[in-house]
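Here is the structure we will look at.
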2 protein chains.
Amino acid sequence: MAGRAAVPEVIWARPERTGRGPKPAFTRADVAAAAVRIADAQGLDGVSMRHVAAELGCGTMSLYNYVPRKEDLYELMLDAIGAEHEMGEPSGDWRADMLRNAYETRAIMRRHPWVPRLMAGVYGFSPNTLRYLEHCLACLEPLEVPYSIKMELVALLNGVVTTYTANELATAERTRSMPWSEEEENAVRIAYLGSQVATGAYPRVAAAFMEASGPIDLEAVFERALQRVMDAFEPRT
Amino acid sequence: MAGRAAVPEVIWARPERTGRGPKPAFTRADVAAAAVRIADAQGLDGVSMRHVAAELGCGTMSLYNYVPRKEDLYELMLDAIGAEHEMGEPSGDWRADMLRNAYETRAIMRRHPWVPRLMAGVYGFSPNTLRYLEHCLACLEPLEVPYSIKMELVALLNGVVTTYTANELATAERTRSMPWSEEEENAVRIAYLGSQVATGAYPRVAAAFMEASGPIDLEAVFERALQRVMDAFEPRT
DNA sequence: CCTAGTTACGTACAGCGTACGTAGTGCGCT
DNA sequence: AGCGCACTACGTACGCTGTACGTAACTAGG
């Protein structure tokens with residue numbers, strides 16, 4: 001592979017090993033794991049080709065033998081994350097199973113707060129993404145609607161999980177490289193919000209904040225959203 | 001403003017002009033507009049401090065008088081986009097109004113394909129975001145549920161719009177800097193998907209693709225998702 | 001009026017992705 | 001068997017990034 005390809009390429013379609021030449025020092029999984037380790041420890045901005053190479057213990061440019069562009073490294077990372085889904089045998093209760101899947105996805109994202117930011121830029125199926133989709137369809141076997149509708153349900157649920165968890169994690173991931181804490185930043189933002197609401201320019205927003213007595217139960221909000229989406233797909237009795 | 005602040009700061013809380021010193025050559029809106037113009041024309045990666053400064057016709061470092069960090073430039077851009085919502089008088093039919101809002105949001109994102117990627121990393125309310133939230137609550141006036149539930153509905157609808165449109169736009173925004181077209185890349189990805197499905201390892205995914213006769217009607221899928229979410233919030237009769 | 005706070009901006013630096021060239025290795029083919 | 005080529009490894013170098021810092025010009029408040 002002398003130069004970079006002038007034609008689109010999916011990294012998963014490229015064989016990991018062709019047989020010719022000295023055998024690679026690492027597997028694709030090694031590379032992905034190293035990148036994930038760095039992202040977990042230092043945030044997504046710590047994932048540079050140089051750092052990942054150093055983590056693996058090889059020269060920077062050697063990385064390009066495994067990954068043609070940095071973007072493909074991102075795809076490797078997302079796929080590695082996808083392997084963390086448990087995907088056990090479906091129970092026969094599709095709502096329970098999908099709820100479990102959603103909570104698991106959220107747990108994975110909390111373990112790897114950089115995932116939402118990565119998902120916004122990358123599109124396409126990877127091996128583990130496909131496995132997860134297959135698993136979801138297996139869980140939805142008892143639901144008697146066409147596959148097209150099942151796909152829409154999976155997409156909708158994943159979308160809800162992603163946006164909810166992304167909002168929860170955005171500040172955490174961002175303040176990582178800042179000299180202040182997540183709590184300090186949130187306090188400042190809430191203070192601004194309060195000052196704006198106090199101007200009276202947003203009466204209904206103000207009323208909404210008045211109505212909320214204590215702190216919001218994010219857990220309950222999350223689960224309610226999922227249940228509502230699933231309600232909408234329950235076949236009419 | 002000698003050095004950078006060691007304490008969190010919301011750009012909207014910082015006054016645009018304090019009165020002392022020579023008056024700035026541009027307004028905050030000028031800066032935002034220049035950045036948006038570049039992002040529209042060259043993609044989000046074209047938005048560098050140097051390019052934006054050049055677009056404005058000033059030195060690079062002068063930009064830092066208007067925007068303490070690049071991230072704040074992003075917030076300016078998102079706020080500028082928020083101003084494109086029409087926010088007319090609510091009709092009294094909350095479903096029609098919210099549907100209209102959703103379609104408008106999608107239209108805005110299509111006009112500015114970099115918006116989804118930016119939304120993944122930035123959190124917090126800006127003046128126009130607040131205006132939009134207030135507008136949504138105004139549209140939801142006829143819906144007789146507590147404000148907390150209305151907020152959840154707004155969040156859920158916005159989430160759906162964002163994830164659906166993001167998926168639609170991800171490839172477009174990414175292939176912008178590539179030597180190949182969006183169609184070519186999609187073809188390669190679909191070819192890979194087909195080859196994987198053909199292995200038989202994903203029987204249900206295969207069945208789902210078999211079932212789909214023609215190309216998917218993305219428009220119908222989008223609208224169905226919105227309707228379903230709104231269904232779930234309709235008070236039980 | 002003076003001076004402190006602001007705008008403007010050139011220079012400089014560390015870090016980034018990656019193009020390119022070279023050296024060494026070992027499988028596949030003749 | 002052995003030639004040749006595809007592959008691995010990696011150092012160097014280039015253009016680009018965000019932004020810290022220093023300096024000069026300017027203007028409103030005391």
Side-chain angles (χ1 to χ4, degrees), chain A residues 1-6 9 11 14-28 30-31 34-35 38-39 42-77 121 174 177-179, chain B residues 1-6 9 11 14-28 30-31 34-35 38-39 42-77 121 174 177-179:
Chain A
M1 193 65 49
R4 227 46 73 230
E9 200 182 359
I11 185 150
R14 158 197 284 231
E16 201 171 340
R17 175 114 175 81
T18 50
R20 200 84 131 232
K23 84 163 161 207
F26 316 104
T27 66
R28 217 170 255 174
D30 292 333
V31 176
I38 292 182
Q42 305 168 230
L44 195 53
D45 295 336
V47 179
S48 74
M49 296 305 266
R50 275 166 248 254
H51 286 166
V52 174
E55 172 82 15
L56 281 169
C58 71
T60 305
M61 293 314 287
S62 307
L63 248 192
Y64 284 89
N65 288 320
Y66 301 88
V67 156
R69 296 180 315 269
K70 190 184 183 186
E71 197 191 80
D72 294 297
L73 181 61
Y74 288 150
E75 285 206 45
L76 254 50
M77 292 170 73
R174 197 154 35 79
S177 59
M178 301 295 176
Chain B
M1 193 65 50
R4 226 48 73 232
E9 200 182 0
I11 184 146
R14 158 197 284 230
E16 205 172 337
R17 176 119 173 77
T18 49
R20 200 82 132 232
K23 82 163 161 211
F26 316 104
T27 65
R28 216 170 254 175
D30 292 333
V31 175
I38 292 182
Q42 306 168 227
L44 194 54
D45 294 335
V47 180
S48 74
M49 297 303 266
R50 273 166 251 256
H51 286 167
V52 174
E55 173 81 17
L56 283 169
C58 71
T60 305
M61 294 314 289
S62 308
L63 249 191
Y64 283 89
N65 288 321
Y66 300 88
V67 156
R69 295 181 316 272
K70 190 183 182 186
E71 198 191 77
D72 294 297
L73 180 60
Y74 289 150
E75 285 206 47
L76 254 52
M77 292 171 73
R174 195 153 37 76
S177 58
M178 300 295 175

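Chain naming here is simple, since letters A, B, ... match the order of the sequence lines and numbering starts at 1 in each.
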Looking only at side-chain N and O atoms, does [X] come under 4.0 Å of OP1 or OP2 in [N]?
{"X": "A:S62", "N": "D:dT8", "result": "no"}
{"X": "A:T18", "N": "D:dC7", "result": "yes"}
{"X": "B:Y66", "N": "C:dT7", "result": "no"}
{"X": "B:T60", "N": "C:dC9", "result": "no"}
{"X": "A:Y64", "N": "C:dG17", "result": "no"}

Exercise for the section: Please collect all salt bridge (charged side-chain N to carboxylate O under 4.0 Å, His left out) contacts where either partner lies in residues 57-66 of chain A, sequence neighbours excluded, each pair once. Expected result: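 Output for this query is empty, none listed.
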Practice task
Figure out the CG/P separation between B:L56 and C:dT7, and round it to whole Å.
Solution key: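 Those two atoms, CG and P, are 15 Å apart.
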Handout entry: Value rounded to 0.5 Å, distance of NE2 in B:H51 from OG1 in B:T60
Key =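 Output value for this atom pair is 9.5 Å.
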Anything under 3.5 Å between a protein N or O and an N or O of nucleotides 21-26 of chain C, put it in a table, one pair a line.
none

Handout entry: Donor-acceptor contact below 3.5 Å, side chain A:E16 vs main chain A:R28
Key =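 Yes, because the side chain of A:E16 sits within donor-acceptor range (under 3.5 Å) of the backbone of A:R28.
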Exercise for the section: Tell me which residues in residues 43-51 of chain B put a heavy atom below 4.0 Å from DNA chain D, sorted by number, or none. Expected result: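 Listed by number, they are B:V47, B:S48, B:M49, B:R50, B:H51.
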Problem - Distance-only polar pair, side chains of A:S62 and A:N65, donor-acceptor under 3.5 Å - result: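 Note: A:S62 and A:N65 side chains miss the donor-acceptor criterion.
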